[in-house]
Structures are given as structure tokens and as C-alpha cells.
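Working notes, structure below.
Numbering of ligands and ligand atoms starts at 1, following listing order. Everything quoted here is computed from the prediction, not taken from an experiment.
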Amino acid sequence: MNIVTIIGARPQIIKASALSRAIKTSFKNSINEVLVHTGQHYDTNMSAVFFDELQIPAPQYNLNIGSASHGKQSAAMIAGIEEILQKEKPQAIVLYGDTNSTLAGAIAAAKIHIPVVHIEAGLRSFNKTMPEELNRIACDHCSTLLFSPTQSGYNNLVKEGFKTHNPAPYSINNPKIYHCGDVMYDNSMYFADVAEKKSEVLKKYHLQKDRFILTTIHRDNNTDVPERLNSLFASLLEIQQSSGMSLIFPLHPRTKKCMEQWLDKTLLHQIQSNTHFIFCEPLSFLDTVMLEKNCQMVITDSGGVQKEAFYFKKPCIILRPETEWVEIVACGAAILADADKEKIHSAYQLLSSKNNSFPSLFGDGKASEFICSEMLQHLS
Ligand code: UDP
């Protein structure tokens with residue numbers, strides 16, 4: 001079976017490594033994967049670093065599209081992907097998550113009748129002002145096989161009209177939905193021990209187990225809205241001062257730019273002169289996993305990082321009004337605090353003072369193998 005996999009943004013590169021690994025170890029003789037990088041993320045530490053570390057084969061195609069407005073970027077991707085699909089003639093296109101690369105892959109493939117496989121299907125924030133929400137919905141409704149990592153994602157698809165017991169053959173008009181666990185859980189389990197052996201990040205930044213907080217902020221409704229960005233950094237400063245914890249903060253390129261542009265100068269100075277704030281460039285996945293495993297808590301607006309915190313049994317403050325990963329909030333291990341100073345403060349107090357529970361919600365670490373065998377059975 002020939003498949004074309006589209007990657008573009010950091011989290012997709014990481015997610016795709018789980019399936020590529022499963023193909024290499026268990027499906028080498030039956031699945032041939034052609035990797036296409038759209039170039040949506042292009043900085044070395046947002047893209048190239050992951051290929052070596054996660055043993056992902058080099059992409060056969062790179063569209064080098066880079067940053068642009070949503071319309072321009074998506075249009076260029078659709079045109080580029082369509083050309084590759086016409087040349088490669090795969091039996092399926094494999095798409096991850098909810099970025100413009102996902103959307104472009106779905107439109108390009110569906111219009112020329114190539115079956116779409118969507119991994120991370122069914123997730124919803126129910127906030128259509130997020131570009132990601134529009135991308136997810138469009139991709140799900142162009143798909144033939146939809147693999148949801150969570151029960152709530154599966155339920156969302158059922159509510160949108162997807163059938164649960166429809167017989168094969170499957171197609172865009174008769175799609176098949178699965179609840180199969182999370183490929184990122186496969187990855188985190190696989191790389192947890194590797195990170196212990198290889199990552200030097202704790203030593204490099206003088207961090208002690210359970211004495212630091214991992215923080216990431218990159219969503220545009222946090223970085224590009226000055227009041228929210230100021231409120232977030234004022235909250236982090238207050239947490240640092242009251243807890244004495246160090247805060248390690250790998251800076252997304254957008255956040256770096258917006259901090260200089262939007263933060264109140266006094267606040268910026270207070271943070272930059274506080275030696276417990278450790279700002280660094282975006283980290284490799286192994287370093288990130290190492291921090292997630294060893295921190296006291298995670299504070300983030302990232303979808304992936306909030307879930308990885310849960311995998312490593314760490315509480316998490318989510319800097320968004322809603323999340324697609326509703327299960328981790330429902331079980332009390334994570335709290336939605338938005339950019340609200342009061343909520344962030346009380347979430348920190350609560351999560352650092354109680355024993356949190358982390359039930360098994362994301363599968364058995366073998367979602368990628370399951371996805372490969374279903375693709376083979378239904379699309380080859
Ligand atoms: N990540 C990383 N280095 C960093 C920050 C995050 O490798 O400096 C990883 C993280 O472990 C997770 C993924 O990037 O697997 C999440 O990506 P991001 O936060 O950019 O996007 P989101 O998950 O919100 O779509």
C-alpha cells in the first residue's frame with residue numbers, strides 16, 4: 001500500500017513519527033510511506049531537530065511554503081499537495097491534527113478522490129473563531145477513516161452524523177470512525193526512557209526535580225492580544241514569587257516577538273531580571289519530555305503539552321477558555337484558567353496542594369499499529 005503523509009507544523013512532525021516507527025517495525029513489507037513537508041514550520045528548532053531525534057525519514061518532498069496569511073498559505077499548499085498526489089497516486093493520504101497543512105491535504109485529496117485518513121479526528125473546542133476548529137471540522141468531513149484518540153472525540157463525530165456500525169467498503173460517503181487511543185501517547189511512552197538517557201536539559205538549566213514549572217504560550221489569541229499577554233505574564237510572576245519555583249519557558253518564535261512588542265515595560269523588566277525565569281529557544285522533543293517528567297506542574301496553552309503533562313502524571317493549568325482534551329479537566333488533573341489572573345492563581349494553589357489522579361484515558365501505546373492495520377484492511 002502506498003500512502004502520502006502530510007506534515008508541516010511541529011506537533012505534526014512529532015505525531016507522524018509514531019506511525020513511521022510502526023511502519024518501520026511492523027509493516028515494512030506492506031506499507032510504503034511518502035512524506036511531504038509543507039514547510040509551515042521552517043526554523044531548525046521547530047522542524048529539522050525532530051527528524052534526527054525521532055528517527056523520522058527525510059521527507060521526499062518539501063513545499064517550502066513558510067509563513068503567510070491563512071488564505072495564501074492554504075492555497076499554495078493545496079496546489080503543491082495536489083501535484084504530488086497526482087504523481088504518486090497513493091491509496092490514501094494521512095493527515096494529522098488541525099493545522100493549515102491538514103486542511104490543505106484534505107481538500108486536495110478529497111477533490112481528486114484519494115481517501116483521507118484523519119488521525120486526531122473528532123476533537124472539538126466548540127469555538128469556531130479558532131482557525132484550528134475550522135480545519136478539524138473540514139478535514140473530518142472530507143475523511144474516509146477517522147481515528148479519534150478519545151471517547152469524547154468519537155462522541156463528537158457521532159453527534160455530527162457519522163455512523164457507528166456501518167459496514168465496509170468505506171469511502172468519503174460511507175466513512176468509518178474509530179476510538180483508538182492517541183499516537184502521542186505511543187510516542188511519549190516510547191521516548192520517555194530515551195529522554196532519561198539522552199537529555200541534558202536539567203543539568204544545562206540547573207533544574208531540580210519537582211522544583212520547577214514548565215511553561216509554554218504560543219496561541220495567537222494569547223500572544224497577539226496585549227491585555228491577555230500582560231495578564232498571563234503578571235500571573236506567572238506572581239506564581240514564581242509566591243512559590244519560589246523556577247519557571248522554564250521555551251519560547252515559540254511568535255511569543256518572543258510579541259513579548260517585546262506588547263508587554264508592559266516594567267513587567268518585562270521584572271521578568272527578565274528575575275533569575276528564576278529561564279527563557280530558552282524551542283526545545284527538542286526529548287528535552288521537552290524530560291521537563292514534563294520532572295517538573296512540579298505545567299502551565300500552557302498548547303494542546304500537546306497539556307496532554308503530555310497528563311501522561312507524565314503532572315497537573316496542568318491550561319491558559320485557554322476551553323480545551324479539546326476535556327477528559328483531563330473532567331478528572332481534575334488540569335484546570336482551565338484562560339488568561340485570568342485570579343483563576344490562574346487559584347488553579348496553582350489547588351493543583352499544588354492536592355493529590356491529583358491520572359486515569360488511563362489515551363489507549364495502550366499501540367494506536368499507531370492499529371491505524372496501520374485498519375488502513376491496510378480497508379484502503380489497500
Ligand atoms: N514541544 C517541543 N519543544 C518545545 C515545545 C513543545 O518539542 O519547545 C512539543 C511538545 O512536546 C508537543 C508539541 O511540541 O509534543 C506541541 O506542539 P505545540 O505546542 O507547538 O502545538 P499544539 O500541540 O498546541 O498544536
Side-chain angles (χ1 to χ4, degrees), residues 7-18 40-54 56 67 95-103 119-120 123-125 127 130-136 139 149-150 182-192 194-195 198-199 201 204-205 207 212-223 247-256 278-295 298-312 314 316 318-320 322-325 328 334 362:
I7 53 176
R10 171 171 67 186
Q12 285 168 327
I13 301 168
I14 300 173
K15 284 166 201 165
S17 76
Q40 187 175 340
H41 280 168
Y42 45 83
D43 291 347
T44 305
N45 53 23
M46 295 292 285
S47 170
V49 63
F50 299 109
F51 285 88
D52 257 9
E53 182 180 74
L54 307 183
I56 310 169
S67 307
L95 304 171
Y96 291 90
D98 53 24
T99 71
N100 287 345
S101 303
T102 316
L103 175 73
I119 298 178
E120 271 201 353
L123 300 180
R124 298 290 181 267
S125 65
N127 176 2
M130 287 176 74
E132 293 92 338
E133 184 76 350
L134 301 175
N135 294 343
R136 291 178 192 122
C139 181
T150 57
D182 188 7
V183 294
M184 278 308 295
Y185 183 65
D186 301 6
N187 263 343
S188 295
M189 295 306 103
Y190 182 81
F191 287 110
V194 185
K198 291 200 175 161
S199 171
V201 71
K204 180 170 178 193
Y205 294 108
L207 296 167
F212 67 91
I213 296 168
L214 170 64
T215 309
T216 76
I217 295 174
H218 76 286
R219 302 224 99 80
D220 58 5
N221 72 328
N222 281 332
T223 56
L247 269 89
I248 180 151
F249 200 138
L251 276 179
H252 191 279
R254 178 168 54 225
T255 316
K256 193 174 184 178
I278 303 162
F279 290 103
C280 57
E281 292 294 310
L283 293 168
S284 76
F285 184 64
L286 292 185
D287 285 347
T288 309
V289 164
M290 195 63 182
L291 294 178
E292 290 164 346
K293 274 189 85 176
N294 288 283
C295 65
V298 170
I299 304 182
T300 188
D301 64 4
S302 158
V305 177
Q306 61 183 264
K307 206 165 23 116
E308 287 160 11
F310 186 87
Y311 298 157
F312 294 115
K314 301 295 174 174
C316 179
I318 303 170
L319 305 174
R320 286 178 50 196
E322 74 278 303
T323 178
E324 302 75 44
W325 306 104
I328 67 173
F362 293 95

Inset, instruction - Would you please name every residue forming a side chain to side chain contact (heavy atoms under 4.5 Å, CB included) with Ser199, sequence neighbours left out? - result: Val201, Asp287, Met290

Hey, what do you get for [atom1] ([X]) to [atom2] ([Y]), rounding to the nearest 0.5 Å?
X	Y	atom1	atom2	result
Leu291	Glu308	CG	CD	11.5 Å
Ser67	Gln40	OG	CD	8.5 Å
Phe50	Phe285	CZ	CZ	8.5 Å

Legend entry - For ligand 1, the residues whose heavy atoms come within less than 4.0 Å (ordered by chain, then number):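 Those residues closer than 4.0 Å to ligand 1 by some heavy atom are Arg10, Pro11, Ile14, Phe50, Met184, His218, Arg219, Pro250, Pro282, Leu283, Ser284, Phe285, Thr288, Glu292, Ser302, Gly303, Gly304, Val305, Glu308.
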
Inset, instruction - Measure from the ring center of Phe310 to the ring center of Phe362 and say whether it is less than 6.0 Å. - result: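 They qualify: ring centres under 6.0 Å apart.
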
Legend entry - Under-4.0 Å salt bridge between Asp182 and Lys307: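 Judged by the 4.0 Å cut-off on N to carboxylate O distance, Asp182 and Lys307 do form a salt bridge.
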
